[in-house]
Protein chains: 2
Amino acid sequence: MLIPHPPSATLSDLATHKLAQSIVTGELAQGQKLNEAELAERFGMGRGPLREALRHLEGMRLVKRTPNAGARVVVLDRKTLSDLYTVREALEGMACRVAAAQMTDDEIADLSALLDKHEKQIAKQGGKVYAQSEGDLDFHFQIARGSGNQMLMDMLGSEQYQLLRMCRYRTSRNAQRTKPALNQHRQIVEALANRDGELAELLMRRHIQGAWRSISEMIDKEEKEVA
Amino acid sequence: MLIPHPPSATLSDLATHKLAQSIVTGELAQGQKLNEAELAERFGMGRGPLREALRHLEGMRLVKRTPNAGARVVVLDRKTLSDLYTVREALEGMACRVAAAQMTDDEIADLSALLDKHEKQIAKQGGKVYAQSEGDLDFHFQIARGSGNQMLMDMLGSEQYQLLRMCRYRTSRNAQRTKPALNQHRQIVEALANRDGELAELLMRRHIQGAWRSISEMIDKEEKEVA
DNA sequence: TTCGGTCGCTTTGTCGACAATCGGAGTTTT
DNA sequence: AAAACTCCGATTGTCGACAAAGCGACCGAA
């Protein structure tokens, strides 16, 4: 699992975890109202810990609260996603630049091996797109780790990552972009291996821009279907 | 005030607000233990709302909790600050790039006027460094606003901004950097006026790198004094 | 029919009390 | 005297109940 912290002592942390997972997997729909009593009973706990969990998620921006009206799952509209990808571009670009200077040769080799694995998965079966999707996130997260910057890891790992996964679950049906994406990943790894931080940043930025274009088109298509 | 939302209906939100302010102003020292009962009484509320506030702050990363051991104010050690400035460089650089395309001419003119005001303040009195400090933050935040990217605004405004202010309150005593900083600000505004996003991003990045070098040196000095 | 008001239910916000856990002081044992 | 054990106080985690606010339905009047 890529989920941050499975084992937690307190009920509140446990609820935080379960809710976050339910939200990113879409089990809880976007904009859905979160009833305290109902969720508390579902998780087998009192309303106190659950409320604390909601407050924690509020801080993480996974839910939005309005006083006296309860909490709702955030909605990822087009503008929000666009903003998210812009932030990602900045953050992951920087992560790449730093990683080029900080990662060990072994870590870079591991990254390359990860891509080999992805390639095999794609060759073997185009169907299992989901796995590639999670794999893609894994690749990006490994680079964040490689930067050694804890704050970058937190931001990309714990927060936006979740929003990202939400988005993936909605749009993971298209496999078109997996192969060009893999090539771009390879280019990035090569830049890292050459310790060319500047180029690595540039490539990652382009990669993310491309991903956004792809997602953006898909949203357009979806909206047309609805209309 | 630059504080986000003063008027809130619920006690919990109020506590969140007061605590955040107390933390960034240093009224609550870094690493200080936060006693629930004591704070609850100080704020004139029960422990429930206060606990929710702590959870919210935990999500904002202003406090760190360990199960069964309570919450403590985060400590900004050298590594954390370094990481923070790296993230800032990425985020504010991107904000500049986007702002160059999104801000109206009027907004850019306002920005320029803001710098005029700062210049007068500096010329009139070198002593009131704090005001310039807040003014500097104001400048940066206005650019974030100008990007029109809500997520950038949230991240730079609500979260790290707070950490930044914490840092400022610790290191606001040196006025050395105010004048070169102002010049760099002017260059950035000029790039924005020319709609040169690329240059604006580059300048902002350098500006923040310079700020970090300045702060870093100061920390070194402080550490030597202690030793 | 439609608009406005009132009533009641549901849900949220808050509090106080109880149980569980942790840290430390004091004491005992080797 | 040092180490470990035990007990106690303090603090956190959790629950249930009460108060308040919001939302919707129902009813009445224009």
Side-chain angles (χ1 to χ4, degrees), chain A residues 3-23 27-75, chain B residues 3-23 27-75:
Chain A
I3 317 290
H5 25 225
S8 296
T10 84
L11 289 182
S12 177
D13 291 337
L14 198 144
T16 303
H17 197 69
K18 282 190 181 175
L19 281 175
Q21 179 152 336
S22 294
I23 289 173
E27 188 181 330
L28 292 170
Q30 295 187 17
Q32 177 165 118
K33 175 122 187 295
L34 298 173
N35 185 304
E36 295 180 1
E38 177 193 327
L39 289 172
E41 193 187 5
R42 170 129 62 101
F43 293 154
M45 65 179 71
R47 272 178 54 219
L50 191 116
R51 281 175 63 85
E52 290 179 20
L54 288 180
R55 277 314 217 296
H56 196 154
L57 292 172
E58 182 188 6
M60 289 198 237
R61 282 205 273 285
L62 281 178
V63 311
K64 199 158 174 357
R65 270 183 4 85
T66 50
N68 295 325
R72 313 189 85 89
V73 179
V74 290
V75 302
Chain B
I3 317 290
H5 25 225
S8 294
T10 84
L11 290 182
S12 178
D13 291 338
L14 198 143
T16 303
H17 198 69
K18 281 190 182 176
L19 280 175
Q21 179 153 336
S22 293
I23 289 174
E27 188 181 330
L28 291 171
Q30 296 188 19
Q32 176 165 116
K33 176 125 186 294
L34 298 173
N35 185 305
E36 295 180 1
E38 178 193 327
L39 289 172
E41 192 187 5
R42 168 129 64 104
F43 292 156
M45 65 180 69
R47 271 178 54 218
L50 190 114
R51 280 176 64 86
E52 291 179 20
L54 288 180
R55 277 314 215 299
H56 196 155
L57 293 172
E58 181 187 7
M60 290 198 234
R61 282 205 275 285
L62 280 178
V63 311
K64 199 158 173 351
R65 273 189 359 60
T66 49
N68 296 324
R72 313 187 84 90
V73 179
V74 290
V75 301

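Numbers restart at 1 for each chain; the letters A, B, ... are given by sequence-line order, proteins then strands.
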| field | salt bridge (charged side-chain N to carboxylate O under 4.0 Å, His left out) partners for B:R47, two or more places apart | value | B:E36

| With B:N68 via side-chain contact (heavy atoms from CB on, under 4.5 Å) - residues at least two apart | none

| field | Which nucleotide in C:dT12, D:dG13, C:dC15 has an atom nearest any side-chain atom of B:P49 | value | C:dC15

| task | Figure out the CG/P separation between A:L50 and D:dG13, and round it to whole Å. | result | 16 Å

| field | All side-chain contact (heavy atoms from CB on, under 4.5 Å) counterparts of B:K18, not counting sequence neighbours | value | B:L14, B:F43

Taking N or O atoms only and anything under 3.5 Å, show me the protein contacts with nucleotides 9-11 of chain D, one pair per line.
from   : atom 1 : to    : atom 2 : distance (Å)
D:dT11 : OP1    : B:N35 : ND2    : 3.4

| query | What's the spacing between B:R65 CZ and B:L54 CG if we round to 0.5 Å? | reply | 8.0 Å

| Can you tell which of C:dC22, C:dT14, D:dT14 lies closest to the side chain of B:L11? | C:dT14

| request: Quickly work out the B:R72 CZ to D:dT12 P distance and round it to whole Å. | output: 10 Å

| said: Let me test you: for the helix from C:dT1-D:dA30 to C:dT30-D:dA1, what is the angle between the axes at its two ends (five pairs each), rounded to 10 degrees? | reply: 10°

| note | Residue set satisfying side-chain hydrogen bond (donor to acceptor under 3.5 Å, both in side chains) with A:S12, at least two apart, ordered chain then number -> B:R55

| said: Between P on C:dG13 and CD on B:E52, what's the gap in Å once rounded to a whole number? | reply: 8 Å

| note | Checking D:dT14, C:dT21, C:dT14 against the side chain of A:R47 (C-beta onward), the nearest is C:dT14

